[in-house]
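This report refers to the structure that appears directly beneath it.
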Amino acid sequence: MSESRPVTRRKRPTFTDQEALQFHAQGRPGKLEVVATKPMATQRDLSLAYSPGVAVPVLAIADDPALAYDYTAKGNLVAVISNGTAILGLGNRGALASKPVMEGKAVLFKRFADIDSFDLEVGTEDADAFINSVRYLGPTFGGINLEDIKAPECFIIEERLRELMDIPVFHDDQHGTAIIAAAGVINALHLTGRDIRDAKLVVNGAGAAGIACIELLKALGFRPDNVILCDTKGVVFAGRTEGMNQWKSAHAVATDRRTLGEAMAGADIVFGLSVKGAFTPEMIAAMAPHPIIFAMANPDPEITVEEVGQVRDDAIVATGRSDYPNQVNNVLGFPYIFRGALDVRATTINMEMKIAAAQALAALAREDVPDEVAAAYQGTRPRFGREYIIPVPFDPRLIHTIPPAVARAAMETGVARKPIEHMDRYRAQLSARRDPVAGTLNRIFERVRRFPKRVVFAEGEEELVIRAAVSFVNQGLGTAILVGREDRVLANAEAAGIDLAGRDLIEIHNAAKSDRNSVYAQFLYARMQRKGFLFRDCQRLINQDRNHFAASMVALGDADAMVTGTTRNYSIALEDVRRVIDHKPGHRVIGVSLCIARGRTVLVADTAIHEMPTAQELAGIAIEAAGVARRLGYEPRVALLSFSTFGHPRAERAERVQEAVKILDGMRVEFEYDGEMAADVALDRDLLAQYPFSRLKQPANVLVMPAFHSASISTKMLQELGGAQVLGPLIVGLDKAVQIVPLGATDADLVNMAALAAYNIGG
């Protein structure tokens, strides 16, 4: 038995049933809505959108059906279709019960590849009826994603629909898993010095994913006689009759091995697409040197990484779980495969396109990881090796790596109806589709999980705050400290149906009874005694004001970060905190808001502190905001805004912004900046191009407002009228990690801000 090697593992994110139900029910039920892409404000708009204007594209499409891709959403629309007979790990629960999953799939299409999706739940288990209900949807959609359909019907359904329809039909449960796993195998073979033609593979699980994995791996180069398929009855061998079907029979081999254990003896690679516990330590020990183990059963793998480590120190292990390295996650595949297929108007997704996706994924994992992904790993940048053979789902390079490979394969195999002429230009367009803030927040959460912190939730008696603290802990982000009277906290938690019993990572601190009370009072008095405060004033603040107590915990190192703001005005909460915590030397305290609209993110500053900043203060705000952009993984492009653009019209306040630009010139800062300019010029590529002398080569991603009122008004209007998501203001420039949520914040807002505080986004 080999000495076990350490396993890199993160705490698995969890949540309560109530949290899951609340997530799906809050606000507008479900996870999807339809948003118009054209204005509908005037009678003329309505006339163009519907009658009589709509007749013009109708007649054009009738004459040339290909014009549907130009005049309708067909070319960016995928149907996510299921009958609910094999819902992810839950079995046959019916078509209606599958709807939350299908909505979720549609959300992933939008999030990762900017593909619009409708979920369709078909209420039949009869394969022919299902086929007949889907085959006539071709005019509506650019592609069909089949999901959660049990075997063997899924094979029949996909094969027949591919024959009947002239758009891509893709059963992700089969091919998605196969493509991601194949990418990992390519790299594992490379790391262990094996030749694909000689490697011996065992696949346990003869369902949709297992069959698809075998077919793809054989297409990649595995020799059929080196591949053994197993099911619940043992080895699928030539001549077996029990429990067989045409798909299993296609992969039956001549062998005297009959059990999974016998099949795995001496094997180089084993795929698990079966159930928890299917692989035993003895089976793993009997494999060849440097075994490659893909234990992909969900939610629990066939064998854990720790169990493998007890018997082998030379293994490469992949699972379907996010808390282990090398996660086989279908979201690495289907959004980008469809993106490439849609963009060339492919008639199908063929084997060559699947191979291209797998090879592109494998090649991406061998490249150096960019800073914006490495930021999540703080000091442990992932590098190609045994614990990094598959890219992580939030790698921003996926969107401009996988679709071009798929598109090129479609063109080379003759299934592309609209070939891409300029591939470099296409890659740039793909990069622009990415939703940056979602990836950024996820990377921040990932980094915090790797390095969990103690975060103080100052208003710990509030039900909203208690919920947020529980969610913070459940997501593996660290320890949550609730400041409040224990009886009140527990009573409010119980009334809300929240069980705090036995939660080691949730602490309750009563300020008045804390053994650190006197230390905090002395600390505050030392800071405030020359500002008119008596010791008893400071003692009262520590005893009775949770913000002062929580901030003292952070200031003296008893906690890493703090979040507050649900019960009092933002400016008052900030004033409380600044009595305890100074600004960071050489920095300016400002507020920065993240505004996200239609997949585009800009940082807006200052949205909290400076009411009417001077030119010097504007320059300082620009520097601080650029620093936040860099900590979020963006290269800052800063626009100092005004109602005028480069001197027209002239005005005193615009001159103040011009002076700020001159100050930045003298400081020789290392980021792009320019001003004064109007907001539309800063954000619109075509308008910006009218000023060829501008230092901004692309639209700005950091906006410095000329005054607090313009910053506050604009962000709130964006949120209420433009449907933008606004996160913040984030406090930047304090010497300790503190964030304040605005009144009316949700528990999700609190968790996000707590994570940002733990990440120390403020510098």
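Numbers here are sequence positions counted from 1. Keep in mind that what you see is a predicted model, and the values were worked out from it rather than measured.
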| message | Is any side-chain heavy atom of F130 closer than 4.5 Å to one of V134? | response | yes
Distance col, row F170:CZ vs M353:CE, nearest 0.5 angstrom, shows 9.5 Å
Could you go through N83 and E153, starting from their C-alpha distance and side-chain angles, then the distance that decides it, and tell me whether this counts as side-chain hydrogen bond (donor to acceptor under 3.5 Å, both in side chains)?
CA-CA 11 Å; N83 63 1; E153 288 86 348; over 6 Å; no
Between A263 and C230 the two heavy atoms that sit nearest each other are CB-SG, 4.0 Å
Value for CD1 (I269) from CG (L217), rounded to nearest 0.5 Å, stands at 7.5 Å
Q: Would you check if the side chain of N226 reaches a backbone N or O of R197 as a donor-acceptor pair within less than 3.5 Å?
A: yes
Closest non-hydrogen contact found for N330 with I180 is CA-CG1, 4.2 Å
Is any NZ, NE, NH1 or NH2 atom of the basic residue among R386 and D314 found under 4.0 Å from an Asp or Glu carboxylate oxygen of the other? no
Output for pair (I337 CD1, D172 CG), nearest 0.5 Å, gives 7.5 Å
| query | Has the side chain of N326 got a donor or acceptor atom that lies under 3.5 Å from a matching backbone atom of Y388? | reply | yes
I179 and A357 have their tightest heavy-atom pair at CG2-CB, 3.9 Å
All heavy atoms of G123 vs all of A95, minimum pair found to be CA-CB, 3.9 Å
Q.
What I'd like to find out is whether the side chain of L191 reaches to under 4.5 Å of the side chain of F384, using heavy atoms alone.
A. yes
Using a 3.5 Å distance criterion without hydrogens, assess whether the side chain of D268 forms a donor-acceptor pair with backbone atoms of K200. yes
Residue set satisfying side chain to side chain donor-acceptor pair (under 3.5 Å) with N350, at least two apart, ordered chain then number -> T413
So R449 and L477, do their side chains get closer than 4.5 Å, heavy atoms only? yes
So OG1 of T177 and CZ of F294: to nearest 0.5 Å the spacing works out to 12.0 Å
**Asked** Looking at D198 and R194, does any basic side-chain N land under 4.0 Å from a carboxylate oxygen?
**Response** no
Interatomic distance, CG@L342 vs CG@D114, rounded to 0.5 Å, equals 11.0 Å
Original post:
So, does N245 use its side chain to make a donor-acceptor pair with the main chain of K248 at under 3.5 Å?
Top reply: yes
Minimum side-chain heavy-atom gap I293-I316 below 4.5 Å
no
Query raised in the report: Between E103 (side chain) and K31 (backbone), is there a donor-acceptor pair under 3.5 Å?
Result: yes
* Just wondering, more than 12 heavy atoms not from R160 lying within 6.0 Å of its CZ? -> no
**F237 and V253: CA distance, side-chain angles, deciding distance, side-chain contact (heavy atoms from CB on, under 4.5 Å) verdict** = CA-CA 5 Å; F237 59 90; V253 294; 5.7 Å; no
In sequence, state the C-alpha distance, the side-chain angles, and the governing distance for K105 and D119, and then conclude on salt bridge (Lys or Arg N to Asp or Glu O under 4.0 Å). CA-CA 8 Å; K105 194 83 172 191; D119 63 292; over 6 Å; no
Show the numbers, then the answer: is there a side-chain hydrogen bond (donor to acceptor under 3.5 Å, both in side chains) between S249 and Q246?
-> CA-CA 5 Å; S249 296; Q246 67 188 76; over 6 Å; no
side-chain contact (heavy atoms from CB on, under 4.5 Å) for I211 and Q174? Distances and angles first, verdict last.
CA-CA 8 Å; I211 296 294; Q174 295 182 55; 5.9 Å; no
Before accepting this row, confirm whether a basic side-chain N of the pair R417/D166 lies closer than 4.0 Å to the acidic partner's carboxylate O.
yes
Charged N-O contact under 4.0 Å between E159 and R162 = no
Exercise for review: Let me see the working for F141 and M165 under side-chain contact (heavy atoms from CB on, under 4.5 Å), right down to the final yes or no.
Suggested key: CA-CA 11 Å; F141 297 100; M165 304 183 80; over 6 Å; no
Between the CD1 atom in I390 and the CG atom in L364, the distance rounded to the nearest 0.5 Å is 11.5 Å
Are any of the side-chain nitrogens in K218 or E215 under 4.0 Å away from the carboxylate oxygens of its partner? no
Only residue of K110, R111, R339 satisfying salt bridge (Lys or Arg N to Asp or Glu O under 4.0 Å) with D116 is K110
On a heavy-atom basis, the closest approach of P393 and L398 is O-CD1, 3.4 Å
_So P301 and I303, do their side chains get closer than 4.5 Å, heavy atoms only?_
no
**Study point:** Pair D300 + R321: basic N to acidic O under 4.0 Å
**Key:** yes
Of N187, I186, V185, the one forming a side-chain contact (heavy atoms from CB on, under 4.5 Å) with I389 is N187
Strictly distance-based, threshold 3.5 Å: is any side-chain N or O of E262 a donor or acceptor partner for the main-chain N or O of R258? yes
ring-ring contact (aromatic ring centres under 6.0 Å, His included) filter on Y426, not counting sequence neighbours, yields none
Worksheet item: Taking E302 for the side chain and L273 for the main chain, is one N or O donor matched with an acceptor at less than 3.5 Å?
Response: yes
- Under 3.5 Å, is there a donor-acceptor pair between the D148 and S82 side chains? no
Query raised in the report: F109 and F334: ring pair (Phe, Tyr, Trp, His ring centres under 6.0 Å), yes or no, with the steps?
Result: CA-CA 8 Å; F109 267 115; F334 70 84; 4.9 Å; yes
- Is D231 salt-bridged to K233, going by a charged N under 4.0 Å from an acidic O? no
V406 and Y336, any side-chain heavy atoms less than 4.5 Å apart: no
*Verify, without hydrogens or angle tests, whether R223 (side chain) and D225 (backbone) share a donor-acceptor contact under 3.5 angstrom.*
no
- prompt: Any donor and acceptor pair, going by atom type alone, linking the side chain of E147 with main-chain N or O of V80 inside 3.5 Å?
  reply: no
For P168 and A341, the nearest pair of non-hydrogen atoms, with its separation, is CG-CB, 4.1 Å
Checklist entry - Within a strict 4.5 Å, meaning less than it, do heavy atoms of the I399 and T401 side chains meet? => result no
field: Beyond-backbone contact of V235 with R240, side-chain heavy atoms, under 4.5 angstrom
entry: no
Main chain of K150, side chain of T85: is a donor-acceptor contact present, judged purely on distance under 3.5 Å? yes
Applying side-chain contact (heavy atoms from CB on, under 4.5 Å), run through I228 and L201 and close with a yes or a no. CA-CA 6 Å; I228 294 179; L201 167 69; over 6 Å; no
*Can a salt bridge be assigned to the pair E367 and R397 using a cut-off of 4.0 Å between side-chain N and carboxylate O?*
yes
